[in-house]
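Heads up, the thing below is written out as structure tokens.
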Amino acid sequence: ETAVSLSNVRKTYQVGQPVHALDGISLEIPRGSYTAIMGPSGSGKSTLMNLVGCLDTPTEGEVVVDGRDVSGLSDRERTSLRGTEVGFVFQTFNLMPRLNALENVALPQLFQGVSRDDRRDRARELLERVGLGDRVDHMPNELSGGQRQRVALARALVNDPAIVLADEPSGNLDTDTEGEILDLFAEFHDAGTTMVVVTHERHVAERAERIVHLLDGRIERIEELGSVGPDD
Ligand code: ADP
Ligand code: ADP
């Protein structure tokens, strides 16, 4: 079963000369898989993530998310899909500075018609799952980089999305904190979540089952790492 399928996808930006940010990409991301995307700056990683995450639409080709062709959906239709199907973890965390950890995590459920008490219960549960049960009242500026990243991860997971997309998830983190975040990714992957992680770091990519290498808007090669089960 396929979580995301891209067929002959092109994304062209017209700024004077046309730039083919993605130049004919076909890729299947199986449900429950763990994929890393690598490539030099400008190779199309962010553009690919934006398409998979329904933030943007392709110039040509087809993007199918959870069996649904999303290439032609309106902004509004894609917004509602994003809340439920796809969870995002950005490099810069994108936390609301005036909301505490619990409120930040509860926020995406606002658009899903969940009651206030249920939102808070669910947010607390997710924060406990990422090891921040004792930090729910803290504001983002009262948290360390790794803790903020964990809040962002809890927020990405609060609506129980089928797919989690992470862009440079450990970009600004020290080695120990990065290890904790990657262990959490592995846990969510083991629980059945489809993980897609963009990274420049080889050792981060190696936690995935396969690495998709992008170059100049194309897939240069796909490296299968072979999945190592928890009992191996
Ligand atoms: P994005 O992935 O958002 O398009 P970039 O790929 O330009 O952004 O860079 C993301 C971060 O990784 C930046 O902090 C940048 O300085 C750093 N970076 C960019 N290219 C490389 C590289 N080849 N090796 C290591 N770090 C890089
Ligand atoms: P990466 O994430 O690998 O660094 P991007 O997907 O951000 O690469 O960019 C791929 C190419 O598309 C780059 O040449 C970049 O300059 C171009 N590009 C990205 N976004 C835009 C945009 N909004 N307008 C014009 N060109 C863009």
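Each residue takes its place number in the sequence, starting with 1. These numbers come from a predicted model, not from an experiment. For ligands, and for the atoms within them, numbers begin at 1 and follow the listed sequence.
For the salt bridge (Lys or Arg N to Asp or Glu O under 4.0 Å) test, no residue two or more places apart in sequence or in another chain qualifies with Glu28. With sequence neighbours excluded, the residues forming a side chain to side chain donor-acceptor pair (under 3.5 Å) with Ser71 are Asp69, listed by chain and number.
Close approach to Ser46 involves these atoms of ligand 2, each under 4.0 Å from a residue heavy atom: 1 (P), 2 (O), 6 (O), 7 (O). Near Thr47, meaning under 4.0 Å from one of its heavy atoms, ligand 2 places the atoms 5 (P), 6 (O), 9 (O). Per-residue contacts place Ser41 under 4.0 angstrom from the following atoms of ligand 2 (heavy atoms of the residue considered): 4 (O). Counting the atoms of ligand 2 from 1 in the order shown, those under 4.0 Å from a heavy atom of Ser43 are 1 (P), 3 (O), 8 (O).
Counting non-hydrogen atoms of other residues, nucleotides and ligands closer than 6.0 Å to CZ of Arg218 gives a total of 12 or fewer.
A heavy-atom distance below 4.5 Å is not found between the side chains of Arg210 and Leu225.
For Ala21, no nitrogen or oxygen atom sits less than 3.5 Å from a nitrogen or oxygen atom of ligand 2, counting backbone and side chain alike.
Using modelled atom types, one finds no donor on one side chain facing an acceptor on the other under 3.5 Å when comparing His138 with Gln147.
Residue Val15 touches ligand 2 through its side chain alone, judged by heavy-atom distances below 4.0 Å.
Salt bridge Asp66/Arg31: present, at least one basic N to carboxylate O contact under 4.0 Å.
Under the 4.0 angstrom criterion for non-hydrogen atoms, Pro40 is in contact with ligand 2.
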